[in-house]
Amino acid sequence: MPLEKTYSAKENETKIYKLWEESGFFNPDNLPGDRSESYSIVLPPPNVTGTLHMGHAAMLAIEDSLIRYQRMRGKKTLWLPGTDHAAIATQEKVEKQLYKEKKTRHDFERADFLRLVDQFAQESHDTIVSQIKRMGASIDWSREAFTLDAQRGQAVFEAFKRMFEGGLIYRGERIVNWDPRLQTTVSDDELEWREEKTPFYYLKYGPFTIGTARPETKFGDKYVVMHPDDKRYTEYEHGQKLELEWINGPVTATIIKDPAIDPEFGSGVMTITPWHDSTDFEIAQRHNLDKEQIIDSQGKLLPIAQEFSNQHISKARGKIVEKLTAKGLLEKVDQNYLHRVAINGRGGGLIEPQIMEQWFVDVSKEFELPHSSLMGIKAGQKTTLKKILQLVVKNGQIKILPERFEKNYFHWINNLRDWNISRQIWYGHRIPVWYRSTDAHDRQNGTPSDSRGVEMKINLASPGEGWEQDPDTLDTWFSSGLWTFSTLGWPNDTKDLENFHPTDVLETGYDILFFWVARMVLMSGFLLGEVPFKTVYLHGLVRDEKGAKMSKSLGNIIDPVDMAEKYGADATRLSLIIGNGPGNDLKLSEDKIRGYKHFANKIWNATRFVLMNTADLDLKTTPTYSATQQENLVALKSLTAAVTDDIENYRLYLAAEKLYHYFWHQFADKIIEENKVIIKSGSPQEKQAAQWLLLEILTTNLKLLHPFIPFVTEKLYQALPNKKAPLLMIEAWPLNQ
RNA sequence: GGGCGAUUAGCUCAGUUGGUUAGAGCACUUGCUCGACACGCAAGAGGCCACAGGUUCGAGUCCUGUAUCGCCCACCA
């Protein structure tokens, strides 16, 4: 069938995707030929919070290029899709909707609320799947997973159980980042800091002057801390008691000497509020000091504040300052103080640190691995999660690209504290711990429960009468940390696990190196004694043409599906690959995408020309090439070698650009033009050689281009008289041919 | 405060381990509707490669410093 005069990407792309899907070749089990070597990538699961953006499209373009290349190289190639329930982010979306109707989740039964979230998640999921398909992802839908489905739930339970039994998961009182708005804790990594100008108060505390931006937390302050070497305060001794007048009357203060205090700041003296400040908490821990809660989980003052009790801190602050002034305790106020406040990066609530009972993963506790393929850690040898995280990257068992991110990674590990894995939200994996007691787990006011004398069981379902499940859910990264192997059937011993784990490449954005990449290394290390992947390829953020983050509020979003409809998924993909090395942010404009649409059109027309002019070529003949033509073929070979080398070394941007340049400015502009003349006016033998040459170079180019621009190349391959495979997708890569 | 990155044509960026006259896309100028393609062809203009030193036979590329922009981490009550 002759090719249409003009190429319609939109029409072709849906048809071609169907053809691929129906072939079954997305599934490695169906791939033809002897494929002893396997290759696998798990898709970083998009959050079911809405739709895909250009960053996702870039991820799909890069991963699909790698996958298609490896499939053509003859490997048993698996690309495994899935989505992430994204606990807090998804719940927040639904709660926002409810808020518009003046409702909160607490107006619903837990199960009913969860049904609403599930419904929302299902809709998002369906949209996302159709978007992934639209981009041409050659991904194995038969293995699709969801972080919250039954199989993954099994994996989460097993992981929790093993870590608990290994002593790595513990429950403890710690200072956590509490979000009073969403009524949940937030991990350190998920905080966002905002600079604010707030009044800074200098208060008289006995003979000292202390500074604070938050006078409303100061009611219980009874420790006054200074640096042990501060010469101004040598007359005071550690542990010394002082009687002094404070906000609500006289208090007995105790002097504490601690090196955490910066003598240069203010007067070099401060009082501490261990319950609501992490630095203060640490000082209190070091010296075994009392801790007292001042603010409840709603952000209201507790009875210790006396007449201010039950008032919200935001309202009480002014009145407290008035009282301090009246009592003569306020020395001065700095109105231009710049203060940094933490907010919940997943929802926007202002963080109020609180001491609470939470579940943690201990990153420094020693344990032994029953099996280990980790370099430098033998089975039975003592190690820690922190050590595993460090070692596998240090010794190159995991390679991070670009390399400079390895530094960031080590820095993060050096500062790593125990991982708080419990969240007080409803959507997600519920902590599989059951208690038998009545008052053991009352966290109504954020009051820690007393777990002594309480029976506890790790179980997926209720162990029976009288048992109550921990109300908290797990941090979403707990389940995504298992992703490389939970998707392959773990904890069962499956063929997939054996074949495809560790995976070859993890390709994701550099912004989740710590959240996710590190957690996967941790989980896989502990549970399997393996690395989860051999190479980490980090891509950058996709920004608009001015370099601004794409966001709904800025209205500068370029939607990948819109672009695919307008210019083709092929063009959209190329625009996301060319000119973008790993780890660099990409500035994207519609002009760039349009440019690559022109390229698809060029390929189309050049192929049309070759087909028209080789219609009378007898494929049983053997050409005798001229010297120039032989040189052309040598150049083609070296192009193939260079492109192969680039892809093997993750320089996709170079590979694609070389191909672009060669096809257009070498093949179309020069080689076709030279041989056009020969075909028209050469001898029959010369004509035949020219025809063969064009067909050969074209065929090789379609193969080389296919990983990057799969739709148009597949469509054209189908029209070639000399095609060897049913689909270009499973053709052999032209190296050594 | 610590770390990382960027700075190359009007704009967006390549330039892989240092090696001839520094490249591409878009935009621009001129000429082409000749049977693959005007989503095109041909020709062309446009660059003290941020700045200052240094290493080298040779530096956009390596080293040192400076400036501007951006990002990450930590944090002072």
Side-chain angles (χ1 to χ4, degrees), chain A residues 3 5-7 9 188-189 191 193 200-203 205 210-215 217-218 221 224-226 260-273 276-280 283 337-340 342 402-412 414-415 510-511 513-514 540-541 543-549 567-568 571 574-575 578-581 583-613 642 645-646 649-651 653-658 660-661 664-665 668-669 672-673 676 680 694:
Chain A
L3 297 169
K5 195 151 191 257
T6 46
Y7 175 58
D188 292 346
D189 300 301
L191 297 182
W193 295 87
F200 190 76
Y201 306 93
Y202 289 90
L203 305 177
Y205 191 79
I210 58 157
T212 184
R214 306 200 52 197
T217 65
K218 295 277 150 198
D221 287 14
V224 51
V225 194
M226 59 206 67
I261 278 39
D262 176 8
E264 304 294 314
F265 186 86
S267 59
V269 176
M270 71 175 205
T271 60
I272 56 168
T273 313
H276 301 291
D277 182 283
S278 61
T279 311
D280 295 3
I283 294 171
Y337 184 71
L338 274 182
H339 186 64
R340 289 184 55 179
E403 220 168 298
R404 65 185 142 92
F405 281 98
E406 291 189 356
K407 246 184 190 167
N408 279 15
Y409 176 87
F410 289 126
H411 186 258
W412 180 79
N414 291 340
N415 294 309
Y510 63 71
D511 51 329
L513 177 61
F514 309 136
L541 264 46
R543 298 168 176 279
D544 76 0
E545 51 199 313
K546 294 190 197 81
K549 253 189 184 172
Y567 304 110
L574 264 189
S575 74
I578 294 184
N580 184 229
N584 294 330
D585 288 356
L586 174 68
K587 285 179 204 161
L588 185 69
S589 65
E590 210 173 313
D591 268 351
K592 187 174 179 186
I593 304 171
R594 191 186 310 117
Y596 293 116
K597 174 194 185 277
H598 295 171
F599 180 54
N601 189 60
K602 188 73 185 179
I603 300 174
W604 181 264
N605 281 299
T607 305
R608 260 178 12 109
F609 176 84
V610 173
L611 293 181
M612 277 179 205
N613 286 279
D645 188 57
D646 283 338
N649 291 292
Y650 301 97
R651 298 186 296 255
Y653 60 112
L654 283 183
E657 197 174 340
K658 275 177 193 157
Y660 175 96
H661 197 257
W664 202 317
H665 301 298
D669 289 351
I672 286 186
E673 290 305 321
K676 189 190 266 181
K680 207 172 257 173
L694 295 187

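Every chain is numbered from 1 and lettered A, B, ... according to where its sequence line falls, protein lines coming before strand lines.
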| field | Nearest-Å distance for atom pair CG/P, residues Leu654(A) and rU17(B) | value | 10 Å
All N/O contacts under 3.5 Å from nucleotides 2-10 of chain B to the protein, with atom names and distances to one decimal?
residue	atom	partner	partner atom	Å
rC4(B)	OP1	Lys407(A)	NZ	3.0

Atom pairs, N/O to N/O, protein against nucleotides 20-25 of chain B, distance under 3.5 Å?
residue	atom	partner	partner atom	Å
rG25(B)	OP1	His665(A)	NE2	3.3

| query | How long is the line joining CD1 of Ile210(A) and P of rA77(B), in whole Å? | reply | 13 Å
| request: Could you tell me whether the side chain of Arg594(A) has a donor or acceptor atom within less than 3.5 Å of a complementary atom in the base of rC39(B)? | output: no
| task | Verify the contact: side-chain N or O of Tyr337(A) to OP1 or OP2 of rC76(B), cut-off strictly under 4.0 Å; return yes or no. | result | no
All N/O pairs under 3.5 Å across the protein-nucleotides 35-37 of chain B interface:
residue	atom	partner	partner atom	Å
rA36(B)	O2'	Asn605(A)	OD1	3.0
rA36(B)	O2'	Arg608(A)	NH2	2.9
rA36(B)	N6	Glu673(A)	OE2	3.0
rA36(B)	N3	Asn605(A)	O	3.0
rA36(B)	N3	Ala606(A)	N	3.3
rC37(B)	OP1	Lys5(A)	NZ	3.3
rC37(B)	O4'	Asn605(A)	OD1	3.2
rC37(B)	O4'	Asn605(A)	ND2	3.4
rC37(B)	O2'	Asn601(A)	ND2	3.3
rC37(B)	O2'	Asn605(A)	ND2	3.3
rC37(B)	O2	Lys602(A)	NZ	2.7
rC37(B)	N3	Lys602(A)	NZ	2.9

| task | For RNA chain B, write out the stems as range with range, using runs of 3 or more consecutive Watson-Crick or G-U pairs with both distances under 3.5 Å. | result | B:1-7 with B:67-73, B:10-13 with B:23-26, B:28-32 with B:40-44, B:50-54 with B:62-66
| CZ of Arg340(A) versus C1' of rC72(B): gap in Å, rounded? | 11 Å
| said: Taking the P atom in each of rC63(B) and rG25(B), what is the distance between them to the nearest angstrom? | reply: 32 Å
| said: Restricting to ring pair (Phe, Tyr, Trp, His ring centres under 6.0 Å), what partner residues turn up for Tyr409(A), sequence neighbours left out? | reply: none
| request: Name all residues meeting the ring pair (Phe, Tyr, Trp, His ring centres under 6.0 Å) criterion together with His598(A); count only those two or more places apart in sequence or in a different chain, and write none if there are none. | output: none
